[in-house]
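Input: a single structure, listed below in structure tokens.
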Amino acid sequence: MSSRKRIGILTSGGDCPGLNAVIRGVVKTSGQLGYDCVGFLRGYEGLCDPVQYMTLTKKNTEGILSQGGTILGSTNRGRFAATCNIEDRVGLDPDLLEAVGVTVEQLDIDGLVCVGGDGSLAIAHQFHEFGIPVVGVPKTIDNDLSATAFTFGFDSAVACATDALDRLHTTAASHERVMVLEVMGRHAGWIALHAGIAGGGDLILIPEIAWTFDEVCRKIIDRELNGRRFTLVVVAEGAALPQQGLVATNVEGAQARLGGIGPIVAREIERRLGKETRTVILGHLQRGGTPTTFDRVLATQYGAHAVRLIVERRFGEMICYNPPEIGSVPIAEAVNRIRVVDPHGSAVRAARALGISFGDEAAPHSPFARPTERCDELRPSDAATAEEVEANADFALEIAEAAAEEALLD
Ligand code: F6P
């Protein structure tokens with residue numbers, strides 16, 4: 001074994017563009033400071049039973065800056081799942097913690113960089129409490145981690161959704177159709193909001209603003225009356241249906257799997273207005289591909305500063321971005337609050353000023369007037385009740401069947 005000190009790194013949870021840029025940032029910075037680097041495979045799983053890792057060098061991380069995904073692999077399932085819903089934390093098995101401690105000691109790891117979202121950082125926090133030297137790096141395309149203005153991966157996801165809207169725009173206009181684009185965003189509507197603004201969306205439906213089909217249809221009719229015979233709707237997967245709540249499938253021992261609200265919205269628009277409507281669910285396309293310039297810069301800085309935290313022995317802290325500076329906060333602080341879109345914030349108000357509707361009651365006189373509030377607390381719950389999930393699943397199935405039938409008729 002090398003006599004140099006070692007830094008460990010792992011990537012956990014859902015992947016996103018920029019993970020490799022963090023890995024490269026950590027490897028290059030560690031090398032400059034006289035550390036060796038090892039990467040644990042498949043997220044936290046690689047830490048024990050069996051221990052799986054690879055030595056990371058400048059050579060074997062060459063060219064990964066622009067690659068999507070993670071060369072170390074990742075998982076959001078398995079023995080280290082520490083969260084079911086936002087407030088539903090699960091304590092890790094003490095034997096597991098013990099085994100991780102042994103690995104860290106045996107491999108002479110001076111500090112472990114855990115790159116992950118809310119759930120993964122909740123695990124890192126448990127490691128810290130157990131005495132394992134960890135630092136956190138925030139990642140998620142959803143951009144919903146409090147304590148950091150941006151997580152890397154978000155900008156790339158928004159770029160993907162914006163590109164989809166640009167493409168939908170031309171075909172929607174040609175066919176005079178309504179196009180519904182469903183994007184990711186479990187608890188927060190950041191992707192929908194930013195892509196909707198960047199891609200010229202007409203209606204943006206997000207979890208933070210209660211909306212109704214009446215208002216959605218009213219906006220479409222208004223456009224028709226003004227000679228705009230097509231409409232682009234962007235809907236976040238976590239934007240609850242009026243009365244029916246989240247469209248989700250419950251998964252045993254894990255977070256509910258969201259998705260499927262887009263076709264329901266499209267179907268209802270078509271039913272009410274008799275207007276041809278189509279849906280695209282963008283899904284995991286938003287998580288793949290090459291990171292944008294912004295995400296590369298952010299991820300690289302996160303990697304370098306994570307090494308700094310280890311050198312400064314600031315364990316239990318997470319890197320964060322408070323523009324223009326990269327700082328850090330206790331991981332505990334970062335995992336307890338979700339950062340959602342402010343319905344009164346400047347982006348929403350600017351969108352309204354442009355005439356974009358959020359599917360809520362439009363302010364008649366001032367576009368800058370306050371929208372209908374969903375809740376002051378800004379803590380949407382991920383927990384669809386079993387009845388909600390069942391009802392929505394039935395509804396979604398009905399719609400999928402009808403769509404399949406229609407496709408056959410076409
Ligand atoms: O949290 C990031 C995210 O991409 C969410 O937007 C989405 O709901 C979820 O992960 C999907 O996870 P999975 O890859 O397990 O389907």
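All residue numbers in this chain count up from 1 along the given sequence.
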### Query
Step by step, would you call F230 with H175 a side-chain contact (heavy atoms from CB on, under 4.5 Å)?
CA-CA 8 Å; F230 70 94; H175 288 268; over 6 Å; no
For residues 66-73, tabulate all N or O donor-acceptor pairs below 3.5 Å that involve a side-chain atom, not counting sequence neighbours.
from: T70; atom 1: OG1; to: T11; atom 2: OG1; distance (Å): 2.9
from: T70; atom 1: OG1; to: L72; atom 2: N; distance (Å): 3.0

### Query
Which pairs count as ring pair (Phe, Tyr, Trp, His ring centres under 6.0 Å) when at least one residue sits in residues 264-299, sequence neighbours excluded?
F150-F294
### Query
Which atom pair, heavy atoms only, marks the closest approach of P263 to G260?
CD-O, 3.3 Å
### Query
How long is the gap from CZ on R42 to CD on Q52, to the nearest 0.5 Å?
6.5 Å
### Message
Please determine whether salt bridge (Lys or Arg N to Asp or Glu O under 4.0 Å) holds for the pair D163 and R167, giving the CA-CA distance in whole Å, both sets of side-chain angles, and the decisive distance to 0.1 Å.
### Response
CA-CA 6 Å; D163 177 58; R167 288 164 190 269; 3.0 Å; yes
### Message
Please evaluate residues E268 and R272 with respect to the criterion salt bridge (Lys or Arg N to Asp or Glu O under 4.0 Å), reporting the C-alpha separation (whole Å), side-chain torsions for both, the decisive distance (0.1 Å), and the verdict.
### Response
CA-CA 6 Å; E268 187 61 13; R272 290 184 178 216; 2.8 Å; yes
### Task
Please confirm whether the backbone N or O of A147 pairs with a side-chain atom of R339, one donor and one acceptor, at under 3.5 Å?
no
### Task
For the residue pair F152 and R296, establish whether any side-chain heavy-atom pair is separated by less than 4.5 Å.
no
### Message
When you measure from the side chain of S74 to the backbone of G43, do you find a donor-acceptor pair of N or O atoms at a distance under 3.5 Å?
### Response
no
### Message
Checking the side chain of E182 only, and the main-chain atoms of T279 only, is there a donor and an acceptor separated by less than 3.5 Å?
### Response
no
### Task
Let me see the working for V26 and Y35 under side-chain contact (heavy atoms from CB on, under 4.5 Å), right down to the final yes or no.
CA-CA 10 Å; V26 166; Y35 286 89; over 6 Å; no
### Message
Closer than 3.5 angstrom, by distance alone: can the side chain of T151 be matched with the main-chain N or O of T140 as a donor-acceptor pair?
### Response
yes
### Query
Are the side chain of Q286 and the backbone of G283 linked by a donor-acceptor contact shorter than 3.5 Å?
yes
## Note on the structure
When rounded to the nearest 0.5 Å, the distance separating CG of L282 from CG of L168 is 8.5 Å
### Query
Can you tell me if CZ on F130 sees more than 12 non-hydrogen neighbours from other groups inside 6.0 Å?
yes
### Message
Let me confirm one number: the CD-CD1 distance from E215 to I220, rounded to the nearest 0.5 Å.
### Response
11.5 Å
### Task
Check the pair L193 / F358 against side-chain contact (heavy atoms from CB on, under 4.5 Å), numbers first and verdict last.
CA-CA 9 Å; L193 176 63; F358 288 84; 3.8 Å; yes
### Query
Heavy-atom count around R257 CZ within 6.0 Å, excluding the residue itself: above 12?
no
### Query
Are I310 and F315 close enough that some pair of their side-chain heavy atoms sits under 4.5 Å apart?
yes
### Task
Over all heavy atoms of both residues, which pair between V134 and C114 is shortest? Give the atoms and the distance, please.
CG1-SG, 4.0 Å
### Query
Does D222 pair with R228 as a salt bridge, N-O distance under 4.0 Å?
no
### Query
Taking all atoms of both residues into account, what is the closest heavy-atom pair of P17 and G288, and its distance?
CG-O, 3.7 Å
### Task
Please report the shortest heavy-atom distance between T290 and S156, naming the atom on each side.
O-OG, 4.3 Å
### Query
Hey, what's the ring geometry for Y44 with F127, parallel, tilted or perpendicular (30° and 60° as the breaks)?
perpendicular
#### Entry: Within-4.5 Å side-chain heavy-atom neighbours: D142 and I191
yes
### Query
Got D342 and V348 here, is their nearest side-chain heavy-atom distance under 4.5 Å?
no
### Message
Any heavy-atom pair between the side chains of P291 and N20 that's under 4.5 Å?
### Response
no
## Note on the structure
Value for CD1 (I23) from OG1 (T300), rounded to nearest 0.5 Å, stands at 11.5 Å
### Task
Hey, could you give me the CD1/CD1 distance between I204 and I197, rounded to the nearest 0.5 Å?
5.5 Å
### Query
Quick one: does R6's side chain have a donor or acceptor within less than 3.5 Å of a partner on L107's backbone?
yes
### Message
How about CZ on R314, more than 12 heavy atoms from neighbouring residues, nucleotides or ligands closer than 6.0 Å, or not?
### Response
yes
### For D15, all residues meeting salt bridge (charged side-chain N to carboxylate O under 4.0 Å, His left out), sequence neighbours excluded
R287
### Message
Between K275 (side chain only) and R229 (backbone N and O only), is there a donor and an acceptor less than 3.5 Å apart?
### Response
yes
### Message
Donor-acceptor check, side chain of E208 to backbone of V341, threshold 3.5 angstrom: yes or no?
### Response
yes
### Query
If only atom types and distance count, is the side chain of K139 paired as donor or acceptor with the main-chain N or O of G14 below 3.5 Å?
yes
### Task
Identify whether the distance between the nearest side-chain nitrogen and carboxylate oxygen of D95 and R79 falls below 4.0 Å.
no
### Query
Are M318 and I331 side-chain neighbours, meaning at least one heavy-atom pair lies under 4.5 Å?
yes
### Message
Would the distance check show the side chain of K219 and the main-chain N or O of I356 forming a donor-acceptor pair, the cut-off being under 3.5 Å?
### Response
no
### Task
Name the orientation class of the two ring planes belonging to H194 and F154 (parallel below 30°, tilted from 30 to 60°, perpendicular beyond 60°).
perpendicular
### Message
Strictly below 4.0 Å, N to O, side chains only: are R337 and D118 in salt-bridge contact?
### Response
no
### Message
With a 4.5 Å cut-off on side-chain heavy atoms, are L145 and L121 touching?
### Response
yes
### Interatomic distance, D360 atom CG to L205 atom CG [nearest 0.5 angstrom]
9.5 Å
#### Entry: Least distance between heavy atoms, L96 atom then C48 atom
CD1-SG, 3.9 Å
### Message
Can you confirm whether F40 sits close enough to S12 that some side-chain heavy atom of one is under 4.5 Å from a side-chain heavy atom of the other?
### Response
no
### Query
Closest approach of G196 and V234, non-hydrogen atoms and distance?
CA-CG2, 4.0 Å
